[in-house]
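What follows is a short report on a single structure.
So that the names make sense, note that chain A is the first sequence line, chain B the second, and so on, each numbered from 1. Heavy-atom basis, side chains included; hydrogens, waters and symmetry copies ignored.
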Amino acid sequence: MTERRVRVRFAPSPTGALHIGGVRTALYNYLFAKKNGGDFLLRIEDTDQGRFVPGAEEYIIESLKWLGIIADEGIGFGDGPYAPYRQSERKPIYREYVMRLIDEGNAYYAFDTPEELDAMRERLKASNVDAKYDAITRSTMKNSITLAEDEVKRLLDSGAHYVIRLKLPRKEEVKLFDEIRGWVSVNTSQMDDKVLFKSDGMPTYHLANVVDDYLMKITHVIRGEEWLPSAPLHVLLYRYLGWEDVMPKFAHLPLLLKPEGNGKLSKRDGDRLGFPVFPIQWQDPTTNEISSGYREAGYLPEAVVNLLAFLGWNPGTSQEIFSMQQLVDAFTIDRVSKHGAKFDQNKAKWFNQQYVRHTSDNILAVELKKDVEKNGLTFSDAYIEKATSLIKEKISFVKELWSMGNYFFINPSQYDEAVITKRWNEKSPAVLNSLIENLSSLSEFTSANIEEQYNLALTKNEVAGKDFLQLLRVCLSGVAGGPPIFEMCELFGKENTILRLQNALNTIKK
RNA sequence: GGCCCGUUCGUCUAUCGGUUAGGACAAAUGGUUUUCAUCCAUUAAAGAGGAGUUCGACUCUCCUACGGGCUACCA
C-alpha cells in the first residue's frame, strides 16, 4: 500500500454546546493533521434527528474558529471535495453499503418492536444472563434469520418498521491496535448485534462513521475513550465491507475528568464549580439556560489552546508555553497519556495570566476601552493604554483590567476598611494635607517628583513611609493593592490626584 | 452485574529495568517591591496493595483494590 496523505476528522453531533473535552479532541486532530502535513476536516454527525439542537452546529464552528482550530474541509469551512459533510445529507449513501452487508450475509433485517426488545432484555436479566441481541438471542427474535423468506418479503413490502443489524460471529476474537494503548482485543461473544440502520432510514453512528471515514479517505481516527468499546465493532465493519486494507489507525484519547474526582467532566460541572466547561457561552434554546464560556470569562484563545493541549499531552521537556505553531511542531500521538486528566482551574488561570502578560498593551487596551465606554466614560486612548500597562502585570484575565482597575476611570467613593482600620490615625489628615499642598505647587507632575513631595510630606509630619504608603494607595484608589503608586498618580494627573486626596480626606473620618 | 481501559507529589505530568524519582500549578516560608495582586528564593509533597520475572523494577507479568468508560433504533 502506498503512503496515504494524512487525513483526520472531528465529528461532533450537534446536540448542544461543544464541551471542552470535545474541543481538545478537535485540537489533537488538528495538531496531528498539521504536524503530518495532512488535512483536518469537520463532519457533522447528525444522524439522530431527535436530538438535533438548533444553533449547535453554528456554535461548534464558531468555537473552533475562535480557538484557531481551522478545518481544511467541512461544514462551516467551505466544504470540500467530499461534500456533503453533514451526515443527514448523505442519507442515500449509507443504504447502499448496508444492503451490501445484507446481501453478503453480514447483516439482517429485524422487525422487533421496542416492547419486544424490552421484554427480551427483562427476560434475560431475570435469568441472570447478559441482556443483549446476539448470536443466541437473535434466534428467538423476529428477524430475517428466524422468519421465512416470503414472510420477510411480505413485511418489507407492507412497509413494516425494521432495523438492520450487524450479524456478529458467535465467538471470535477481534483485535485492534490503538496508537495510545497498544493492542486491545474483544471477543464477539461479549458484543451484540448492533443496529446499523434505524427504522427512520438513518444509519447509526457505527455505520455512518465507518462509511464516511472510508469515503473521505480518513487515515487516523482520533476520538474520545468512550468509543474504545465499540472500536472492535468498527473493525468488523471495515472487514465485512472489504476495506480492511485502508482501515484508519485508531487513537482513543483519555477523558477529561471532574476536578473533585468522580466521573467525566460534564455540562453542569462548569458553573457549579466556577469555571467554564464550554469554549464560548451557550444558551440552551429550549430552557434558555446560559452556560458560561472561556471566551466570555476573559480567557484568550491561545491560552485555552495551550492549556487544553497540556491536559493529556506533554512534550517531554519543561517548556509549557506553546503557540499553536509550536504545538503543531511538537505534537506526537505517542506522548498522549493513557489516563484521564482532572481539570485544574488554578493551572488554567496561570496559563491565561502568561498570555495576558505577553499580549501587547495596545491590544489589551481595546478590550479595556470597551468596558470604559460601557460605563459611559470617556478617556483618551493614550490614557487607557497607559492604565492597561500598569494593571496588566497584576491580572490573570483580560476582564480584570476593568474589574480590578476601574479606579483609573472612576474616583473611589469607598475605601478598603481593613487598611483604614489598620493604618489611619490622628496624623493621617496632616500628612494628606501636606501632600496636597506640596503637589499643588509642583510644576512637573512626574512619578519621581511626586514621590519626592510625598517623602517631604512624611518628614514634615514625622511619619514613617512604610506605615503610610498603603494608606495613600487606598486614599487614591480605594483598594489595597495595585501598580506602583506614583506612576498611578502621574497618570491620574495633578488635578485629579489632588481631588482624590481631598475626597479621601473628606470621606474617611475617624 | 458483564466487558474494555487506566492507576507516579493535592493537580497536570517526566521517567521508555539501574535517577538523591525531575518540572509546572497550587500550598507554606523567606526576600524584593517604602504598598500589593508582580518578581525571586527555599521548603514540604508521589510510584495503590500483594505476588512473581530479574543481579536490579515506578518501569515487564499476574492477582487484588480503586478510578473511569461502554453496555439504546444516542453519539
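- The aromatic ring centroids of F275(A) and F343(A) lie less than 6.0 Å from each other.
- Legend: residues meeting ring-ring contact (aromatic ring centres under 6.0 Å, His included) with H19(A), ordered by chain and number and at least two apart, are absent.
- Residue-to-nucleotide contacts include no donor-acceptor pair under 3.5 Å from the side chain of N128(A) to the base of G1(B).
- Rounded to whole Å, the separation between the P atoms of U11(B) and C70(B) comes to 23 Å.
- The nearest whole Å value for the distance from the CE atom in M488(A) to the P atom in U33(B) is 19 Å.
- Taking the P atoms as reference points, G47(B) lies 16 Å from C12(B), given to the whole Å.
- Toward the 5' end of RNA chain B, the nearer of the two residues G481(A) and E451(A), judged by each one's closest nucleotide, is E451(A).
- The nearest whole Å value for the distance from the CG atom in N455(A) to the P atom in U35(B) is 13 Å.
- If you check every strand for non-hydrogen atoms under 4.0 Å, N209(A) touches nothing.
- Under the 3.5 Å distance criterion, with hydrogens and angles disregarded, no donor-acceptor pair is assigned to the side chains of E172(A) and T188(A).
- Rounded to a whole Å, the CG atom of D134(A) is 12 Å from the C1' atom of G2(B).
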Heavy-atom contacts, protein to nucleotides 60-65 of chain B, under 4.0 Å, summarised as B (base), S (sugar-phosphate only) or - (none) per nt, yield ------
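- Atom name P, nucleotides C66(B) and A24(B): the rounded distance is 35 Å, in whole Å.
- Comparing S185(A) and R24(A) against RNA chain B, the residue whose closest nucleotide sits nearer the 5' end is S185(A).
- Of the P atoms belonging to G23(B) and C5(B), the separation is 34 Å, rounded to the nearest Å.
- For the P atom pair drawn from U64(B) and A26(B), the interatomic distance equals 41 Å after rounding to whole Å.
- Picking from U38(B), G2(B), G6(B) the nucleotide with the shortest atom distance to the side chain of K394(A) gives U38(B).
- Among the protein residues, G50(A) comes within range of no part of the nucleic acid, since none of its heavy atoms lies under 4.0 Å from any strand.
- Residue contacts shown for Y454(A) include a base, since a base heavy atom lies under 4.0 Å away.
- Checked against ring-ring contact (aromatic ring centres under 6.0 Å, His included), F492(A) has the following partners two or more places apart in sequence or in another chain: F408(A).
- Applying the side-chain hydrogen bond (donor to acceptor under 3.5 Å, both in side chains) criterion to D344(A), with sequence neighbours excluded, gives no partner residue.
- Less than 6.0 angstrom separates the ring centroid of Y299(A) from the ring centroid of F397(A).
- Side-chain atoms of D269(A) do not come within 3.5 Å of backbone N or O of L265(A) as any donor-acceptor pair.
- If you take NE2 of H339(A) and C1' of U15(B), they are 13 Å apart, rounded to a whole angstrom.
- If you take atom C1' in C25(B) and the same atom in A44(B), they sit 15 Å apart, rounded to whole Å.
- Here D193(A) does not pair with K167(A) in a salt bridge; the nearest charged N to carboxylate O distance is not below 4.0 Å.
- Phosphate proximity of C39(B) to R357(A): present, with a side-chain N or O under 4.0 Å from OP1 or OP2.
- Under the ring-ring contact (aromatic ring centres under 6.0 Å, His included) criterion, F197(A) pairs with no residue, sequence neighbours left out.
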Polar atom pairs (N or O), protein with nucleotides 24-26 of chain B, under 3.5 Å:
unit_1, atom_1, unit_2, atom_2, d
A24(B), O4', E320(A), OE1, 3.1
A24(B), O2', E320(A), OE1, 2.4
A24(B), O2', K347(A), NZ, 3.1
A24(B), N3, K347(A), NZ, 3.4
C25(B), O2', K347(A), N, 3.3

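- For U42(B), the paired nucleotide is A28(B), the pair qualifying as Watson-Crick or G-U wobble because both relevant distances are below 3.5 Å.
- Without hydrogens or angle criteria, D46(A) side chain to S88(A) main chain gives a donor-acceptor distance under 3.5 Å.
- If you check every strand for non-hydrogen atoms under 4.0 Å, N314(A) touches sugar and phosphate atoms only.
- Taking a cutoff of 4.0 Å between a charged side-chain nitrogen and a carboxylate oxygen, E45(A) and R86(A) do not qualify as a salt bridge.
- At a threshold of 4.0 angstrom between heavy atoms, the contacts of S337(A) are confined to the sugar-phosphate backbone, with no base atom among them.
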Pairs: protein N or O with nucleotides 57-59 of chain B N or O, under 3.5 Å:
none

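- Nucleotide C66(B) forms a Watson-Crick or G-U wobble pair with G6(B), both donor-acceptor distances falling under 3.5 Å.
- Residue pairs meeting the salt bridge (Lys or Arg N to Asp or Glu O under 4.0 Å) criterion with at least one member in residues 447-461 of chain A, sequence neighbours excluded, do not occur.
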What string of B, S and - do you get for nucleotides 69-75 of chain B 5' to 3' if you count protein non-hydrogen atoms under 4.0 Å? BS--BBB
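- Going from the P atom of G52(B) to that of A57(B) covers 12 Å, rounded to whole Å.
- Within the structure, the ring-ring contact (aromatic ring centres under 6.0 Å, His included) test picks out the following pairs touching residues 452-474 of chain A (sequence neighbours left out): Y454(A)-F486(A).
- Judged purely by atom type and a 3.5 angstrom limit, D112(A) has no side-chain atom pairing as donor or acceptor with the backbone of N143(A).
- Across every strand in view, G1(B) sits in a pair with U71(B) that passes the Watson-Crick or G-U test at under 3.5 angstrom.
- Remark: K347(A) engages E320(A) in a salt bridge, criterion side-chain N to carboxylate O under 4.0 Å.
- Here Y97(A) pairs with W243(A) under the ring-ring contact (aromatic ring centres under 6.0 Å, His included) rule; sequence neighbours left out.
- Atom P of nucleotide C4(B) and atom CG of D130(A) are separated by 12 Å, given to the nearest angstrom.
- Taking every side-chain heavy atom of R335(A) into account, A14(B) is the closest of A14(B), U34(B), U35(B).
- Rounding to whole angstrom units, CD of residue E173(A) and C1' of C4(B) are separated by 12 Å.
- In this entry the distance linking CG of L256(A) with C1' of U11(B) reads 13 Å, nearest Å.
- Within the structure, every pair that satisfies the salt bridge (Lys or Arg N to Asp or Glu O under 4.0 Å) test and touches residues 119-136 of chain A, not counting sequence neighbours, is listed here: K132(A)-D134(A).
- Of all nucleotides present, none satisfies the Watson-Crick or G-U wobble test against U15(B) with each distance under 3.5 Å.
- A distance of about 14 Å separates the C1' atoms of C58(B) and G49(B), rounded to the whole Å.
- Here the P atom of nucleotide G1(B) and the CD atom of Q190(A) are 15 Å apart, to the nearest Å.
- In this structure, of C36(B), U34(B), U13(B), it is U13(B) that holds the atom nearest to the side chain of A341(A).
- Under the Watson-Crick and G-U wobble criteria, each requiring two contacts below 3.5 Å, nucleotide G47(B) is left unpaired.
- Under the Watson-Crick and G-U wobble criteria, each requiring two contacts below 3.5 Å, nucleotide C60(B) is paired to G52(B).
- Nucleic acid contact for Q345(A): none, since no nucleic acid atom lies under 4.0 Å from a heavy atom of the residue.
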